[in-house]
Enquirer: 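Could you have a look at this structure, given as structure tokens, before my questions?
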Amino acid sequence: MYDYLIVGAGFSGVVLAERLANGAKKKVCIIDKRNHIAGNAYDYYNNDNILVHKFGPHWFHTNNDEVFNYLSNFTEWIEHQHIIKSKVNGKLYDFPINKNTINSFFNVSLTKEEEVKDFIDSKKEFIKNPKNAEEMVLSLLGKELYESFYLNYTIKQWNIHPKELAPSITARIPIRFNNNNSYFNDKYQVMPKIGYTKLFERMLYNKNITLLLNTDFKETFGTIKYNKLIYTGAIDEFFDNCFGELPYRSLKFEHETIDKEYFQECQQINFPNDYSYTRIVEWKHATGQKLNKTSILKEYPVEYQKGLEKFYPIPMAESNERLNKYLVKAKQINNVIFCGRLAEYKYYNMDQVIARSLKLFKDLTSK
Ligand code: FAD
Ligand code: UDP
């Protein structure tokens with residue numbers, strides 16, 4: 001008999017397993033239908049001994065001291081500014097858009113931040129409350145930058161016009177009028193020195209935690225005895241899609257090793273307008289590995305269908321009504337806690353799900 005059964009060994013589930021076992025001496029069983037831990041953050045050394053992320057680039061960034069200090073109990077860090085560029089009309093630009101991007105794209109030579117701001121003020125559209133992902137960018141940067149850097153990337157990524165998507169999607173990307181060229185604004189921009197999977201192994205190292213891989217919750221139903229369930233899988237699946245499936249976006253990954261030291265100049269290059277992949281990632285820039293070979297990843301967005309992974313919830317007004325029905329139903333059942341990117345159907349980053357699980361642990365143990 002376990003105190004808790006946790007479904008899903010990604011960050012949401014493993015942080016709770018670790019906290020409940022170490023912090024509250026609870027007996028925990030954690031299961032995952034995949035053959036590995038770490039959820040979408042899973043990384044491994046490939047045949048060429050290069051550390052790669054199986055499910056796309058996972059760049060760690062947070063402003064949250066508690067999250068950073070918590071993970072620091074299990075790993076040291078590689079200090080690393082996450083640098084990403086965007087290729088438009090054959091030319092590489094700093095991305096997110098900053099002073100360099102603006103000077104280079106518009107062929108101007110602005111120097112002071114105020115000048116850059118004034119220049120963009122003359123380009124941007126006056127939209128008081130942006131209602132969608134397109135209006136969000138138009139209101140901040142105007143048509144030219146929107147059409148070159150955002151419009152086609154967004155369509156490729158979601159197969160939905162930005163007019164139909166929530167403003168929060170494009171608002172994820174900072175906009176700057178100085179030369180800062182980091183992808184994120186956060187205080188901590190790091191990578192775990194030991195890699196994510198090893199970090200997860202350390203978190204799960206406790207005799208009060210039983211880990212079962214290749215174990216689908218639906219197939220084990222009733223065979224594992226527990227008091228409380230923590231569920232981090234897709235919320236619609238939990239309820240057998242009784243209100244219909246929620247929309248998801250999936251991805252296909254093309255991993256490749258190349259016989260030269262480096263392939264490109266930074267860890268990620270985005271291709272808004274060309275090719276059917278959105279980005280090429282080169283791991284060594286972020287992990288600091290020194291080898292003669294290099295591995296890259298091309299990421300292709302695809303329609304979700306049975307047999308593929310649900311990588312992204314799709315933040316759009318159209319799915320809200322259905323989602324709300326699931327959320328109401330989830331509140332009505334006792335002894336089941338829904339948490340995580342798929343269980344809450346929220347476009348969470350890693351630090352956000354970790355913060356959420358740490359908070360849940362406090363709530364569970366303060367009663
Ligand atoms: P997941 O990691 O999805 O884990 C859920 C687990 O539950 C999975 O392992 C799944 O197999 C398991 N599961 C589901 N259903 C069942 C079932 N019925 N039975 C048993 N097991 C089940 N965040 C960042 O901060 N920085 C980034 O750079 C970043 N890049 C990303 C890139 C991509 C391509 C994607 C898709 C996400 C990215 N993220 C990034 C987000 C990050 O992956 C998530 O925030 C995080 O992984 C969510 O953790 P989770 O535990 O909620 O979900
Ligand atoms: N985006 C874009 N151009 C880019 C990068 C991002 O238009 O070069 C938009 C796009 O809509 C994307 C969103 O910003 O879905 C969020 O991008 P992010 O890099 O945060 O996506 P993730 O890493 O979560 O896939």
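Both ligands and their constituent atoms are indexed starting at 1 by order of listing.
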Enquirer: Select the closest option to atom 42 (C) of ligand 1 among E237, H53, H58, judged by heavy-atom distance.
Expert: H58
Enquirer: So which heavy atom in the protein is nearest atom 47 (O) of ligand 1, and how far is it from that ligand atom?
Expert: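 Of every protein heavy atom, N40 CB, 3.9 Å lies nearest to atom 47 (O) of ligand 1.
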Enquirer: Considering only the protein, which heavy-atom contact is closest to atom 13 (N) of ligand 1, and what is its distance?
Expert: K33 CE, 4.0 Å
Enquirer: What is the nearest protein non-hydrogen atom to atom 4 (O) of ligand 1, stated with its residue, atom name and distance?
Expert: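 Minimum-distance protein heavy atom for atom 4 (O) of ligand 1 reads G10 CA, 3.7 Å.
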Enquirer: List the closest protein heavy-atom neighbour of atom 41 (C) of ligand 1: residue, atom name, distance to the nearest 0.1 Å.
Expert: R341 NH1, 3.4 Å
Enquirer: To which protein heavy atom is atom 23 (N) of ligand 1 closest, and what is the distance rounded to 0.1 Å?
Expert: M350 N, 3.3 Å
Enquirer: Heavy-atom distances under 4.0 Å decide this one: backbone, side chain, both or neither, for P57 against ligand 1?
Expert: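 The answer is the backbone.
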Enquirer: Any salt bridge (charged side-chain N to carboxylate O under 4.0 Å, His left out) pairs touching residues 150-179, not counting sequence neighbours?
Expert: none
Enquirer: With side chains defined as the heavy atoms from C-beta onward, is the minimum distance between L5 and F217 less than 4.5 Å?
Expert: yes
Enquirer: Quick test: of every protein heavy atom, which one is nearest to atom 14 (C) of ligand 1, and how far off is it to 0.1 Å?
Expert: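 Of the protein heavy atoms, G233 CA, 3.6 Å lies nearest.
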Enquirer: Quick one: sort the Y42 and H36 rings into parallel, tilted or perpendicular, breaks at 30° and 60°.
Expert: parallel
Enquirer: Strictly below 4.0 Å, N to O, side chains only: are K117 and D121 in salt-bridge contact?
Expert: no
Enquirer: Is it true that the side chains of S72 and N69 contain a donor and an acceptor less than 3.5 Å apart?
Expert: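 S72 vs N69: no donor-acceptor pair found between side chains.
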Enquirer: On the ring face of Y44, is K54 found with NZ or CZ under 6.0 Å from the centre and within 45° of the axis?
Expert: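 The answer is no, since K54 fails at least one limit relative to Y44.
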Enquirer: Could you say whether the N/O atoms of V353 and ligand 1 ever approach to under 3.5 Å?
Expert: no
Enquirer: Consider ligand 1: state whether an atom of it lies below 4.0 angstrom from any non-hydrogen atom of F60.
Expert: no
Enquirer: Who gets closest to atom 28 (O) of ligand 1 by heavy atom: Y348, F184, W59?
Expert: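 Minimum heavy-atom distance to atom 28 (O) of ligand 1 goes to W59.
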Enquirer: Going by the atom numbers of ligand 1, which of them fall below 4.0 Å from some non-hydrogen atom of D216?
Expert: 17 (C), 18 (N), 19 (N)
Enquirer: From atom 53 (O) of ligand 1, is the closest protein heavy-atom distance below 4.0 Å?
Expert: no
Enquirer: Between W77 and Y188, is the gap from one ring center to the other below 6.0 Å?
Expert: no
Enquirer: Show which atoms of ligand 1 fall inside a sub-4.0 Å distance from at least one heavy-atom site of Y312.
Expert: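 It comes down to these atoms of ligand 1: 33 (C), 34 (C).
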Enquirer: Would F11 count as being in polar contact with ligand 1, using the rule that some N or O on each side must be under 3.5 angstrom apart?
Expert: yes
Enquirer: Applying a 4.0 Å heavy-atom criterion (strictly less than), which segment of L251 is in contact with ligand 1: side chain, backbone, both, or neither?
Expert: side chain
Enquirer: Would you mind listing which atoms of ligand 1 come within a distance below 4.0 Å of any non-hydrogen atom of G340?
Expert: 52 (O)
Enquirer: Please verify the inter-ring angle class for F239 with Y326; under 30° counts as parallel, over 60° as perpendicular, anything in between as tilted.
Expert: parallel
Enquirer: What atoms in ligand 1 come closer than 4.0 Å to a heavy atom of F55?
Expert: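 What qualifies from ligand 1 is 33 (C), 34 (C).
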Enquirer: Which atoms of ligand 1 have any heavy atom of T215 under 4.0 Å away?
Expert: 19 (N), 20 (C)
Enquirer: Among W158, F253, Y347, which one satisfies ring pair (Phe, Tyr, Trp, His ring centres under 6.0 Å) with F311?
Expert: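 Answer after filtering W158, F253, Y347: F253.
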Enquirer: Hey, what's the ring geometry for Y277 with Y300, parallel, tilted or perpendicular (30° and 60° as the breaks)?
Expert: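 Y277 vs Y300 ring planes: perpendicular.
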Enquirer: Side chains of N64 and D351: donor-acceptor distance under 3.5 Å anywhere?
Expert: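 Checked: N64/D351 side chains show no N/O donor-acceptor pair below 3.5 Å.
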Enquirer: Is the shortest distance from a heavy atom of I37 to ligand 1 less than 4.0 Å?
Expert: no
Enquirer: Parallel, tilted or perpendicular: which fits the ring planes of H255 and W283, with parallel below 30° and perpendicular above 60°?
Expert: parallel
Enquirer: Taking L246's backbone N and O only, do any of them form a donor-acceptor pair with R322's side chain (distance below 3.5 Å, no angle check)?
Expert: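 Looks like no, no N/O pair under 3.5 Å.
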Enquirer: Would you mind listing which atoms of ligand 1 come within a distance below 4.0 Å of any non-hydrogen atom of G39?
Expert: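 So the answer, numbered in order with elements, is 2 (O), 4 (O), 9 (O).
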Enquirer: Taking the six-membered ring for Trp, is the centroid-to-centroid distance between F60 and F184 below 6.0 Å?
Expert: no
Enquirer: Show me which atoms of ligand 1 lie under 4.0 Å from any heavy atom of F217.
Expert: 17 (C), 18 (N), 19 (N), 20 (C)
Enquirer: Quick one: nearest non-hydrogen protein atom to atom 8 (C) of ligand 1, plus distance?
Expert: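 Its nearest protein heavy-atom neighbour is D32 OD2, 3.5 Å.
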Enquirer: Numbering the atoms of ligand 1 from 1, which are under 4.0 Å from a heavy atom of G8?
Expert: 6 (C), 7 (O), 12 (C)
Enquirer: Hey, which residues fall under 4.0 Å of ligand 2 on heavy atoms?
Expert: F95, F149, Y150, Y153, T154, Q157, W158, I169, T170, R172, I173, Y183, N270, R279, Y312, Y347
Enquirer: How about F74 and I194: do any of their side-chain heavy atoms sit closer than 4.5 Å?
Expert: no
Enquirer: Report yes or no: is the cationic atom of R34 (NZ for Lys, CZ for Arg) under 6.0 Å from the centre of the six-membered ring of F55, at an angle within 45° of the ring normal?
Expert: yes
Enquirer: Check this for me - ligand 1, S12, N or O atoms closer than 3.5 angstrom, yes or no?
Expert: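 N/O-N/O distance under 3.5 Å: yes.
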Enquirer: Taking the six-membered ring of F119 as reference, does the NZ or CZ atom of K124 fall below 6.0 Å from its centre and within a 45° cone about the axis?
Expert: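 Ring-cation test returns no.
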Enquirer: Starting from atom 5 (C) of ligand 1, what is the nearest protein heavy atom, named by residue and atom, and what distance separates them?
Expert: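 Closest protein heavy atom to atom 5 (C) of ligand 1: T232 OG1, 3.9 Å.
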Enquirer: Would you call E303-R249 a salt bridge at under 4.0 Å N-O?
Expert: yes
